[in-house]
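Every heavy atom of this structure was used, including side-chain atoms; hydrogens, water molecules and symmetry mates were not.
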Amino acid sequence: MEYDLLVRGGRVVDGSGLPGYQADVGVRDGQIVEIGRLKGSAARTIDAAGLVVAPGFVDHHTHLDGQMFWDPYGTSEPQHGVTSVVMGNCGLTLAPVEPGGEDALVKSFVRVEAMPREALQAGIPWGWRTYGDYLDRLEGRIGINVGGLVGHIAVRHAVMGEEAVEREATEAEIARMRALVAESLEGGALGISTNRNERHFREDGKPVSSRLATQAEFDALCDVLGDYNAGVIETILGLHTIEHVDWYDALARRTARPVIWQSVLHRWAQPDLWRQQLDRVSRTFADGYRAYGLTNTVPIVQRFTLQNVQAFDEFPTWKNLMFLPEIVRKQALADPETRAKLRAELAVERHTIFHRRWDLIQVSHVERPEHAAYVGKSVAEMAALRGQDPLDAFLDVSLAEDLQTGFWTALTGGDLDATGAILRSPYVLVGLSDAGAHVEFDAAFGYGTTLLGLWVRERGVMSLEQAIYKLTFQVASVYGLEGRGLIRPGYAADLTIFDPATVNAGEPEWVTDFPANTRRLAQPSVGLHYTVVNGEVVYEDGRLSGALAGHVLRGAGARERSVAAG
Ligand SMILES: [Zn+2]
C-alpha cells in the first residue's frame, strides 16, 4: 500500500493564497507525501470530486482548557473543519498552579467565561503543576491538535496566592513570575496571554488577578518571550480606544514578537473606530512589527437572563446587584428607588461597550404563556405593547418569570461593508470563537464555515483562496505552528473537505453532554464532509470517528530546550 489515505479528485486550495487546482492528495504516516495525479494504492480512498480540499482550520481563540479532558474533540470544532485549537486565551489557564491554588483558577473561569462550575469541578483531573505537565496530561487523549498560551492570571496566582487579586507584585515576585513564563515556554506554551478587561471579575466579585499587574510587571513577563525568540502575546482590554493601539505597537516593538489584540469589529457604540484602529496599526506593520487585531465573522451576540448577565457590568449599581443572592437581587430590582439609580446610570453620557439601546435587545425566551407575544420583539417593542417604560418592562417581565426570561443583543458586526473591509485586512486575524466559553449562552464554533458560506459565497468579500489562507496558514505562521496550515509534502495531514456550494454554519442547539449533567450549546455545520487530523478521518458527514488522532502542539521554546538537551 502506497498511501494510508488518498483524497482523490478534489480541488486543492492549499492555504498559501495561490489559486486552487485539481489534484489528489496522498497521505502516509500522518503526513502529506504527494500531491498531483496519483496512481498508487491506498488503505482508504475518499472521493472528493466537486469538493474543496483545504488544510484543517486553526481555531486560535478558544477556552477549551478544561473541556478537552472530557470532550477530546472540543466539539463542535471538527464539525467545522477545525483540526487544531489554541487554548489559554484572555489570561486564563489551568497551569501553572500550586497545590491548593486550583479553585482560584476555577473562580476566574466560571465568571469571565461563564462556564458551569459543576462541569469544571467534575471534569478537570487536576494534579499538574507546570504548564508542560498540563500539556503532557492531554497528550494521547485528544482527537484534534491542541496548543496553548500560558495565562498571566495563573502565573500570578502561582507566585502570589490569593494576594494576586489584592495588590501589586514585588520585584522578587515578578522575577519568580518570569521564571514561570520561561518554564512554560520550555514546556511548550505558544506564548502568553493577559487580561486587563475592567469588566472581568471572578465569581466572588474580585478582579481577575492580571488586572492588578503594573505595566512594569507585564513588560517584564513579555520580555521573556523576546529573550526566547518564541511565542505570541495575546491581550484583552475592556474598552476599545485608538490609544490602545499605541500600547500594542510599543509591545510589538519592545519584544519583536507578534502581538494579538482584541478586537477590531464594527461596533454600534463607536462606528468609526475600526478604520482608525487599522490605519494606526498599519504604521506598526510598515516598520516591520506585528500587532494583529482579532476579528470575527459573526456578530458578538450576548444571550442572557437576569440570573446570569455581564452586559451591565460597566454600571456600578447593576453590577453590584448581579453579585447579590438571587432573592435579594429580586427585591432590589422591584424597588422603585433602586430602579431610579439603574435608570440614571444608563443615562450618563460616557463611552461604554454596551450600547444601552432597548431597541437592540431582543426577547428570546419567555416562561409564561401570557408573555408569548414578546418573543422576537425588542424590549422597546415589548414596552410599547405593555404601555410601559422599557426599563420597567424589562425588569417587570423578568421578575414575573423568576429572572428566567431570555434576551439577546448584538453589539458588533451590524455594518456589512465595514465588516467586509475588516475581514480583508492583512493586519487582522479571523477567529474569535471563544470555544469552550459561555457554553450556555452561545456557540460560535462556525466562524470558519460562516466565512466560507456567508462572506465568500454569498457576499463575495474575498476569494475562497484568501479565506482559506486566513483560516490556516496565516494563523499557523503567526502562532509558530511549524509544519501545519499548508497542503505540501512533509506537512501534517490535517485536512478539511467541503462543498463550496453549500458550506455554512448551522444553528446552535442544546445538548446535555457536559460533566455533572450540565447543558451547553453545540453547533452543527452544513456542507462540510470530512475532517482529517494527522492522517486520520475524525469527522465524516455528521459523525465523529472516536479516533484520538490529535497531538499537543508545542512552541519554539520547547524545541529550543530539546535541541539544547541534545
Ligand atoms: Zn477569550
A.B. asks: Take Leu495 and Thr83 through the test side-chain contact (heavy atoms from CB on, under 4.5 Å) and record every step on the way to the result.
C.D. replies: CA-CA 7 Å; Leu495 303 170; Thr83 54; over 6 Å; no
A.B. asks: With Phe201, which residues qualify under ring-ring contact (aromatic ring centres under 6.0 Å, His included), at least two apart?
C.D. replies: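 With sequence neighbours excluded, Phe201 shows a ring-ring contact (aromatic ring centres under 6.0 Å, His included) to no residue whatsoever.
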A.B. asks: Side-chain contact test, heavy atoms from C-beta onward, threshold under 4.5 Å: evaluate it for Met462 versus Val456 and give yes or no.
C.D. replies: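 In short, these two side chains touch, coming nearer than 4.5 Å.
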A.B. asks: Which is it for Thr75 and Arg520 under the side chain to side chain donor-acceptor pair (under 3.5 Å) test, yes or no, and what are the steps along the way?
C.D. replies: CA-CA 11 Å; Thr75 54; Arg520 56 102 174 210; 2.7 Å; yes
A.B. asks: Anything under 3.5 Å between a donor and an acceptor, one on a side chain of residues 236-243, the other on a protein residue two or more places apart or in another chain? List them.
C.D. replies:
| unit_1 | atom_1 | unit_2 | atom_2 | d |
| --- | --- | --- | --- | --- |
| His240 | NE2 | Gly238 | O | 3.3 |
| His240 | NE2 | Arg267 | NH2 | 3.0 |
| Thr241 | OG1 | Glu243 | N | 3.3 |
| Thr241 | OG1 | Glu243 | OE1 | 3.3 |
| Thr241 | OG1 | His244 | N | 3.3 |

A.B. asks: Could you walk me through whether Asp249 and Thr284 pass side chain to side chain donor-acceptor pair (under 3.5 Å), step by step?
C.D. replies: CA-CA 6 Å; Asp249 173 273; Thr284 310; 2.7 Å; yes
A.B. asks: Assess whether side chain to side chain donor-acceptor pair (under 3.5 Å) is satisfied between Tyr73 and Gln79, documenting all intermediate values.
C.D. replies: CA-CA 9 Å; Tyr73 290 106; Gln79 284 85 341; over 6 Å; no
A.B. asks: Centroid-to-centroid, Trp247 to Phe218, below 6.0 Å?
C.D. replies: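 Centroid distance Trp247-Phe218: below 6.0 Å, so yes.
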A.B. asks: Under 3.5 Å, is there a donor-acceptor pair between the side chain of Thr62 and the main chain of Asp434?
C.D. replies: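 No: the side chain of Thr62 does not pair with the backbone of Asp434.
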A.B. asks: Is any side-chain heavy atom of Leu273 closer than 4.5 Å to a side-chain heavy atom of Gln276?
C.D. replies: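 Leu273 reaches Gln276 side chain to side chain.
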A.B. asks: Could you walk me through whether Gln302 and Gln310 pass the side-chain contact (heavy atoms from CB on, under 4.5 Å) check?
C.D. replies: CA-CA 9 Å; Gln302 296 191 343; Gln310 296 178 39; 5.9 Å; no
A.B. asks: Does the side-chain contact (heavy atoms from CB on, under 4.5 Å) test come out yes or no for His438 and Met115, once each step is laid out?
C.D. replies: CA-CA 6 Å; His438 333 117; Met115 294 178 184; over 6 Å; no
A.B. asks: Are the side chains of Leu464 and Leu452 in contact, using a 4.5 Å heavy-atom criterion?
C.D. replies: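 Counting from C-beta outward, Leu452 and Leu464 do come under 4.5 Å.
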A.B. asks: What I want to find out is whether Lys107 reaches Asp103 closely enough, with some N-O distance under 4.0 Å, to be called a salt bridge.
C.D. replies: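 Salt bridge: yes.
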A.B. asks: State, with a plain yes or no, whether a side-chain heavy atom of Ser84 is found less than 4.5 Å away from one of Leu553.
C.D. replies: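 Yes, close enough: below the 4.5 Å cut-off.
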A.B. asks: Carefully, step by step, assess Phe354 and Leu411 under the rule side-chain contact (heavy atoms from CB on, under 4.5 Å).
C.D. replies: CA-CA 7 Å; Phe354 185 54; Leu411 304 180; 4.1 Å; yes
A.B. asks: Under a 4.5 Å cut-off applied to non-hydrogen side-chain atoms, are Gln262 and Cys90 in contact?
C.D. replies: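 The answer is yes; the side chains approach within 4.5 Å.
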A.B. asks: Are the aromatic ring centres of Phe69 and Trp128 under 6.0 angstrom apart?
C.D. replies: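 Yes.
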A.B. asks: Does atom CD of Glu168 have more than 12 heavy-atom neighbours from other groups under 6.0 Å away?
C.D. replies: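 Not more than 12 within 6.0 Å, no.
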A.B. asks: If you define the side chain from C-beta out and look only at heavy atoms, does anything of Val533 sit under 4.5 Å from Asp494?
C.D. replies: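 Side chain of Val533 against side chain of Asp494, heavy atoms only: contact under 4.5 Å found.
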A.B. asks: Evaluate the salt bridge (Lys or Arg N to Asp or Glu O under 4.0 Å) criterion for residues Arg156 and Glu173: first the C-alpha distance (whole Å), next the side-chain angles of each, then the deciding distance (0.1 Å), finally the verdict.
C.D. replies: CA-CA 9 Å; Arg156 220 166 189 270; Glu173 285 165 339; over 6 Å; no
A.B. asks: Quick check, are the ring centers of Tyr292 and Phe285 under 6.0 angstrom apart?
C.D. replies: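 Yes, the ring centres sit under 6.0 Å apart.
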A.B. asks: Are side-chain heavy atoms of Leu221 and Arg178 found at a separation under 4.5 Å?
C.D. replies: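 In short, these two side chains touch, coming nearer than 4.5 Å.
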A.B. asks: Heavy-atom distance under 4.5 Å between the side chains of His61 and His63, does that happen here?
C.D. replies: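 Yes - at least one pair of side-chain heavy atoms lies under 4.5 Å apart.
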A.B. asks: Should Arg196 and Glu217 count as an ion pair when the cut-off is N to O under 4.0 Å?
C.D. replies: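 A salt bridge is absent here (no side-chain N lies under 4.0 Å from a carboxylate O).
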A.B. asks: Under a 4.0 Å threshold between the charged nitrogen and the carboxylate oxygen, would Glu314 count as salt-bridged to Arg356?
C.D. replies: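 A salt bridge is absent here (no side-chain N lies under 4.0 Å from a carboxylate O).
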